[in-house]
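Index from 1, following the sequence.
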Amino acid sequence: MTGKLSATLAALALTAGLGLAGGPPASAAYCGITWGSLAKVAYTSSTSPIANVRSGRHDCFDRLVIDTKGPASAYRVTYVNEVLGIGSGAIVPLRGGARISVNVIAPIYDASGHATYSPANQSELVNVAGYSTFRQVALAGSYEARTRIGLGVRARLPMRVFVVPGPGTGSRMVIDVAHRW
């Protein structure tokens with residue numbers, strides 16, 4: 001009887017060691033991330049101006065936040081071969097192995113033409129030194145109520161985009177890019 005019990009325990013240990021029992025399924029996503037890397041698009045009728053661009057580091061992803069002075073704006077966020085300047089068509093150089101074009105129906109100026117967002121350095125909107133995924137965030141221009149931001153990332157990785165209302169009458173467009181697949 002102890003021989004059968006020992007043999008059964010040995011077989012279970014071998015099965016668990018080979019990953020045939022126990023452990024997560026092969027389809028389990030990194031940090032629960034199931035976003036993918038295809039374009040993210042939303043359409044709204046608002047053209048609220050941009051007030052700020054900021055970033056943050058998280059355990060599983062890097063985050064870019066675009067603050068607007070009113071309701072959420074329409075956007076298209078997609079991986080591209082090159083981020084092009086609005087109006088000029090000039091290539092915006094970005095560090096990293098992949099590039100994301102962030103297009104927002106939101107100017108960086110108000111109805112009177114006064115700047116609502118005026119970065120000190122258009123090539124380095126936020127400091128992303130030490131981030132796991134982000135390599136550079138650059139302004140690619142703002143023209144006719146449209147603003148483009150180039151996001152240089154380490155590689156083509158899963159991303160998600162969503163809008164959070166507030167604070168006050170403003171809103172925040174959030175772009176998360178995972179650290180890995």
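The CZ atom of Arg180 sits 11.0 Å away from atom OG of Ser132, with the distance rounded to the nearest 0.5 Å. To the nearest 0.5 Å, atoms CD (Gln136) and CG (Leu151) are separated by 9.5 Å. Taken from NE2 in His179 to OG1 in Thr133, the straight-line distance is 4.5 Å, to the nearest 0.5 Å. In this structure, CZ in Arg154 is found 15.5 Å from CZ in Arg95, a value given to the nearest 0.5 Å. In this structure, the separation between CD1 on Ile149 and CG on Leu64 is 6.0 Å, given to the nearest 0.5 Å. The CZ atom of Arg63 sits 14.5 Å away from atom CZ of Arg57, with the distance rounded to the nearest 0.5 Å.
In plain terms, the two heavy atoms of Ser171 and Thr68 that are nearest each other are OG-OG1, 2.7 Å. Shortest non-hydrogen contact noted between Thr116 and Pro49 is OG1-CB, 3.5 Å. In terms of heavy atoms, Arg172 sits closest to Val65 at CB-CG1, 3.9 Å. Across every non-hydrogen atom of Ala138 and Val92, the tightest pair is CB-CG1, 4.1 Å. For Thr78 against Ala39, the heavy-atom pair with the smallest separation is OG1-CB, 3.5 Å. Residue Ile86 comes nearest to Gly141 through the heavy atom pair CD1-O, 3.7 Å, listed as atom of the first residue, atom of the second, then distance.
Applying the side chain to side chain contact (heavy atoms under 4.5 Å, CB included) test between Ile50 and each of Leu139, Asp67, Ile108 identifies Ile108 as the sole match. Here the options are Val137, Val53, Ile66, the test is side chain to side chain contact (heavy atoms under 4.5 Å, CB included), and the partner is Val102; only Ile66 passes.
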**OP:** Apply the test side chain to side chain contact (heavy atoms under 4.5 Å, CB included) to residues Ile91 and Leu84: give CA-CA distance (whole Å), side-chain angles for both, the deciding distance (0.1 Å), then the verdict.
**Re:** CA-CA 5 Å; Ile91 295 171; Leu84 302 177; 3.8 Å; yes

Original post:
Could you walk me through whether Arg99 and Tyr79 pass the side chain to side chain contact (heavy atoms under 4.5 Å, CB included) check?
Top reply: CA-CA 6 Å; Arg99 284 150 294 289; Tyr79 280 96; over 6 Å; no

Subject >> Verdict with supporting geometry, Ile33 and Cys60, side chain to side chain contact (heavy atoms under 4.5 Å, CB included) >> reply: CA-CA 8 Å; Ile33 292 172; Cys60 301; 4.0 Å; yes

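With sequence neighbours excluded, no residue forms a side-chain contact (heavy atoms from CB on, under 4.5 Å) with Asn81.
For Lys40, the NZ atom sits in a packed shell: over 12 heavy atoms of surrounding residues, nucleotides or ligands are nearer than 6.0 Å.
Neither side chain, Tyr109 nor Ser142, offers a donor N or O lying under 3.5 Å from an acceptor on the other. Judged purely by distance below 3.5 Å, without hydrogens or angles, the side chains of Asn103 and Arg148 pair a donor atom with an acceptor atom.
Side-chain contact between Tyr43 and Tyr75 is absent, with no heavy atoms from C-beta onward closer than 4.5 Å. Side-chain contact between Leu125 and Tyr117 is present, with heavy atoms from C-beta onward closer than 4.5 Å.
Transitive grouping of hydrophobic side chains (ILVMFWY, heavy atoms separated by less than 4.5 Å) keeps Ile105 and Met173 in distinct clusters. In the hydrophobic clustering of this structure, Val80 does not group with Phe134; members are Ile, Leu, Val, Met, Phe, Trp, Tyr whose side-chain heavy atoms approach within less than 4.5 Å, directly or through other members.
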List, one per line, each side-chain donor-acceptor pair under 3.5 Å for residues 156-164, sequence neighbours excluded.
{"from": "Arg156", "atom 1": "NE", "to": "Ser37", "atom 2": "OG", "distance (Å)": "3.0"}
{"from": "Arg156", "atom 1": "NH2", "to": "Ser37", "atom 2": "O", "distance (Å)": "3.0"}
{"from": "Arg160", "atom 1": "NE", "to": "Asp176", "atom 2": "OD2", "distance (Å)": "2.8"}
{"from": "Arg160", "atom 1": "NH2", "to": "Asp176", "atom 2": "OD2", "distance (Å)": "2.9"}

